[in-house]
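Remarks on the structure that follows.
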Amino acid sequence: MKFNLAKIETQLQTLIEGSVLKLFSSKNPLGELGDQLLFALKTGLRAEVNNKTVAPDVFTIIAHPSYLTKLKTQKNWQETLLAKIICEAEKQNYSFMCSPAIQLVEDASLSPQKVEIGTQISVDRITTTTDLDIDMCECEKNLPQNAFLIVNGNQTFPLSSAVINIGRRPDNDLVIDDPRVSRLHAQLRYQKGHFVIFDLDSTGGTTVNGKKIHQWVLSPGDVISLAGVPVVYGHETPQLGETDRWIADTPAKSL
């Protein structure tokens with residue numbers, strides 16, 4: 001583990017043993033939210049190198065503004081929910097890459113009773129099976145020239161950052177307004193001279209050249225499918241060939 005879990009548990013011990021645990025009763029909204037976070041914790045697990053089970057450490061609560069306003073009125077709501085996550089991780093012997101955190105995102109399109117949970121393993125701490133590390137400053141300096149994505153055959157998105165979030169949520173770098181795409185669906189990271197795409201436990205999944213992937217080192221001409229939405233990766237001036245013919249044969253769809 002990359003941080004002292006025992007220290008965090010000690011800091012939260014008074015919350016765990018005290019009256020704050022009463023908030024987790026089925027009659028309290030915080031109790032139901034805690035259960036949702038534990039489900040997200042388990043569904044976001046990844047088996048990394050050396051058979052170490054890594055748990056997500058960033059939990060995004062997406063809800064209607066009125067729900068989040070009520071949540072913030074709950075005393076020690078954040079500490080309480082984090083305590084529940086950390087205790088479950090210790091019990092199951094899960095590892096975190098860094099200290100867990102909770103972030104809130106308002107979505108007025110959701111009903112006041114609906115809550116969605118997104119999970120992620122911290123971008124700048126993740127260990128991958130290809131042993132790629134992120135040095136953000138160096139990445140920004142060494143980005144390839146003219147790298148891009150072609151979305152749905154009619155939108156070109158330049159890759160000008162070392163980390164690019166892709167999804168339906170409006171705060172993503174590349175927003176794809178398609179109901180098949182998850183709110184936070186995938187992420188591109190520039191590592192060791194290559195762009196790598198990571199599926200962020202999306203509902204519809206991510207494929208590259210027809211193969212379902214969790215992560216993939218991209219090459220020019222790779223055809224990505226985000227739950228059915230086609231995306232082509234390139235970093236050179238397109239030449240007439242298979243990629244161009246594939247784009248021409250794909251019906252255009254407005255985003």
Side-chain angles (χ1 to χ4, degrees), residues 8-9 11-45 55-89 94 96 98-123 163-187 198-206 226-229 254-255:
I8 293 178
E9 286 191 312
Q11 294 172 341
L12 298 174
Q13 195 63 36
T14 55
L15 292 172
I16 298 170
E17 295 179 347
S19 60
V20 73
L21 287 182
K22 296 177 183 178
L23 292 172
F24 288 117
S25 69
S26 59
K27 297 180 181 180
N28 192 292
L30 204 55
E32 182 178 348
L33 182 56
D35 291 339
Q36 288 180 267
L37 285 168
L38 291 190
F39 180 78
L41 171 74
K42 293 174 182 178
T43 56
L45 295 174
D57 49 65
V58 178
F59 295 82
T60 303
I61 299 174
I62 308 167
H64 191 275
S66 63
Y67 179 96
L68 297 181
T69 298
K70 291 179 181 178
L71 174 62
K72 293 174 186 178
T73 64
Q74 296 281 349
K75 184 178 180 181
N76 295 322
W77 68 269
Q78 191 168 30
E79 293 87 347
T80 302
L81 294 173
L82 286 172
K84 193 172 181 71
I85 291 169
I86 291 170
C87 287
E88 180 66 18
Y94 300 151
F96 294 110
C98 67
S99 180
I102 295 174
Q103 59 185 12
L104 305 179
V105 173
E106 295 184 356
D107 188 340
S109 68
L110 294 176
S111 71
Q113 293 76 34
K114 183 175 176 59
V115 177
E116 296 184 358
I117 307 292
T119 61
Q120 189 175 345
I121 295 175
S122 294
V123 171
V163 177
I164 296 169
N165 289 325
I166 305 172
R168 199 171 77 251
R169 211 169 64 201
D171 61 342
N172 286 294
D173 301 295
L174 172 55
V175 179
I176 301 179
D177 187 14
D178 188 296
R180 296 171 293 176
V181 175
S182 295
R183 294 178 183 278
L184 184 57
H185 193 108
Q187 185 179 80
F198 291 81
D199 180 81
L200 299 179
D201 302 315
S202 64
T203 301
T206 300
L226 304 174
V229 175
S254 299
L255 295 180

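Because the structure is a prediction, the values reported are computed rather than measured.
Looking at heavy atoms from C-beta onward, R168 lies out of side-chain contact with I176 at the 4.5 angstrom threshold. Contact annotation: the side chain of V115 approaches that of Q36 to within less than 4.5 Å [non-hydrogen atoms, C-beta and beyond]. K114 places none of its side-chain heavy atoms less than 4.5 Å from the side chain of Y67. When side chains are defined from C-beta on, I102 counts as touching L82, because their heavy atoms get closer than 4.5 Å. Side-chain atoms of L41 and P56, non-hydrogen and from C-beta on, do get closer than 4.5 Å to each other. When side chains are defined from C-beta on, I117 counts as touching L33, because their heavy atoms get closer than 4.5 Å. At least one side-chain heavy atom of P100 sits less than 4.5 Å from a side-chain heavy atom of I86. Using a 4.5 Å cut-off on side-chain heavy atoms (C-beta onward), L71 and L104 make contact.
In terms of modelled atom types and a separation under 3.5 Å, the side chain of N165 and the main chain of D173 share no donor-acceptor contact. Judged by distance alone, the side chain of S182 and the main-chain N or O of T203 form a donor-acceptor pair under 3.5 Å. Judged by distance alone, with hydrogens and angles left aside, the side-chain atoms of H185 form a donor-acceptor pair with the main-chain N or O of G205 at under 3.5 Å. A donor-acceptor pair is defined here as one N or O able to donate and one able to accept, closer than 3.5 Å; such a pair exists between the side chain of D107 and the backbone of S109.
Annotation: the span from N172 atom CG to R183 atom CZ amounts to 10.5 Å, rounded to 0.5 Å. Interatomic distance, OG1 of T60 versus CG of L37, reported as 10.0 Å (0.5 Å rounding). Annotation: the span from Q78 atom CD to Q103 atom CD amounts to 10.5 Å, rounded to 0.5 Å. Note: T80 OG1 to I85 CD1 = 11.0 Å, rounded to the nearest 0.5 Å.
The shortest heavy-atom contact between P65 and E106 is CG-OE1, 3.8 Å. Between G167 and V181, the closest heavy-atom pair is CA-CG1, 3.9 Å. The two atoms that bring D201 and G44 nearest to each other are OD2-CA, 3.6 Å, heavy atoms only.
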